[in-house]
Amino acid sequence: MSETPRQPCLRLPAAAAPTNAGGDIFGGWIMAQMDIAGSIPAVRRARGRVVTAAVEGMHFRKPVQRGDMVSLYAKVSRVGRSSMTVDVEVCVERNPLEPQILTVADGRLVYVAVDADGKPRPLPGE
């Protein structure tokens with residue numbers, strides 16, 4: 001049985017992202033995209049609203065350049081009563097003439113399922 005290739009849960013160009021004085025994309029922009037990407041499998045698993053509770057770790061491995069195509073991969077790695085941990089990996093596709101795929105960042109975020117009042121609620125069974 002062949003393995004299904006993984007699909008990014010979020011993909012966008014770094015063309016309009018803010019850059020620092022060195023011309024690289026700001027880390028804060030990458031962090032925001034990681035939070036959005038991480039929330040996608042969290043919302044699916046929670047079957048409803050979630051909030052970001054913590055960033056357990058984040059590592060910037062290589063700079064992101066203007067024009068890179070950024071792909072974010074996220075998966076739930078741990079489930080508790082109302083919280084879940086999501087691992088996020090950020091890759092870029094660079095140089096369309098001679099494409100390179102590079103892992104540029106990764107992180108682990110915690111999301112909590114909440115009810116309409118913003119109070120933690122138990123996660124539904126799978």
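Grouping the Ile, Leu, Val, Met, Phe, Trp and Tyr side chains by contacts below 4.5 angstrom, directly or via other members, places Met84 apart from Val51. Cluster membership check: Ile40 does not share its hydrophobic cluster with Val76, using side-chain heavy-atom separations under 4.5 Å among Ile, Leu, Val, Met, Phe, Trp and Tyr. Transitive grouping of hydrophobic side chains (ILVMFWY, heavy atoms separated by less than 4.5 Å) keeps Phe60 and Met69 in distinct clusters. No chain of hydrophobic side-chain contacts below 4.5 Å, direct or via other Ile, Leu, Val, Met, Phe, Trp or Tyr residues, connects Leu10 to Tyr73.
For residues 25-41, every residue pair satisfying the side chain to side chain donor-acceptor pair (under 3.5 Å) rule, not counting sequence neighbours, is listed here: Asp35-Thr52, Asp35-Tyr111. Among residues at least two apart or in separate chains, side chain to side chain donor-acceptor pair (under 3.5 Å) pairs with a member in residues 99-108 are Arg61-Asp106, Asp87-Arg108, Glu89-Thr103. Sorted by first then second residue, the side chain to side chain donor-acceptor pair (under 3.5 Å) pairs that include residues 10-23, not counting sequence neighbours, are Arg11-Ser71, Arg11-Glu93.
Side-chain N or O atoms of Arg78 include none that pairs as donor or acceptor with a backbone N or O of Val86 at under 3.5 Å.
Taking the side chain to side chain donor-acceptor pair (under 3.5 Å) definition, one finds that Ser82 meets it with nothing, sequence neighbours left out. Residues passing the salt bridge (charged side-chain N to carboxylate O under 4.0 Å, His left out) test with Arg121: none are found, sequence neighbours excluded. With sequence neighbours excluded, the residues satisfying side chain to side chain contact (heavy atoms under 4.5 Å, CB included) with Ala53 are Val110, Val112.
Taking every heavy atom of both residues into account, Pro63 and Asp68 meet most closely at O-OD2, 4.5 Å. When all heavy atoms of Val50 and Ala42 are compared, the pair lying nearest together is CG1-O, 3.8 Å. Across all non-hydrogen atoms, the minimal contact from Ala37 to Leu72 is CB-CB, 3.7 Å. Of all non-hydrogen atoms in Val70 and Ala14, the two that sit nearest each other are CG2-CB, 4.0 Å.
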- Query: Where do Thr85 and Glu56 land on the side-chain contact (heavy atoms from CB on, under 4.5 Å) test, with the steps shown first?
  - Reply: CA-CA 9 Å; Thr85 302; Glu56 289 187 344; 4.1 Å; yes
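For the pair Cys9/Lys75, no side-chain contact is recorded, criterion being any heavy-atom separation below 4.5 Å from C-beta on. Arg81 has its side chain within reach of Pro122: a pair of non-hydrogen atoms, C-beta onward, lies under 4.5 Å apart. Taking the side chain as every heavy atom from C-beta outward, Val90 and Met34 approach each other to under 4.5 Å. Considering only heavy atoms from C-beta on, Ile30 comes within 4.5 Å of Val64 through its side chain. In this structure, the side chains of Leu123 and Val79 come closer than 4.5 Å at one or more pairs of heavy atoms.
Atoms CE and CG, from Met31 and Leu109 in turn, are 8.5 Å apart once rounded to the nearest 0.5 Å.
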